[in-house]
Amino acid sequence: MTAHALLLAMDDFFHRIVNFFEQSFVRKVAVANFATIAERYIISAVTVAPLSAADITHSPRVG
């Protein structure tokens, strides 16, 4: 009975380790995807010419 309990405890321990590494991998993939998307936005924001005051048209509705 003791050996069986030990095997169950070891099995649970290994399942927890595998679960931890799977979650860690999912987090790494999510962070990499976010970084890729953020990088695209940063590059597009930097490459677009900034607006100057002369580029903004005056709307008659704005007071």
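Numbers for residues simply follow the sequence, beginning at 1. Everything quoted here is computed from the prediction, not taken from an experiment.
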For N33, check side chain to side chain donor-acceptor pair (under 3.5 Å) against everything at least two apart and list the hits.
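By the side chain to side chain donor-acceptor pair (under 3.5 Å) rule, N33 matches no residue at all.
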
Go through the structure and list residues passing side chain to side chain donor-acceptor pair (under 3.5 Å) with R16, not counting sequence neighbours.
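Residues passing side chain to side chain donor-acceptor pair (under 3.5 Å) with R16: D12.
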
Atom pairs and distances, side-chain donor-acceptor, residues 18-28, under 3.5 Å, sequence neighbours left out:
none

Establish whether I17 and M10 are linked, either directly or via other cluster members, by ILVMFWY side-chain heavy-atom contacts under 4.5 Å.
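Same cluster.
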
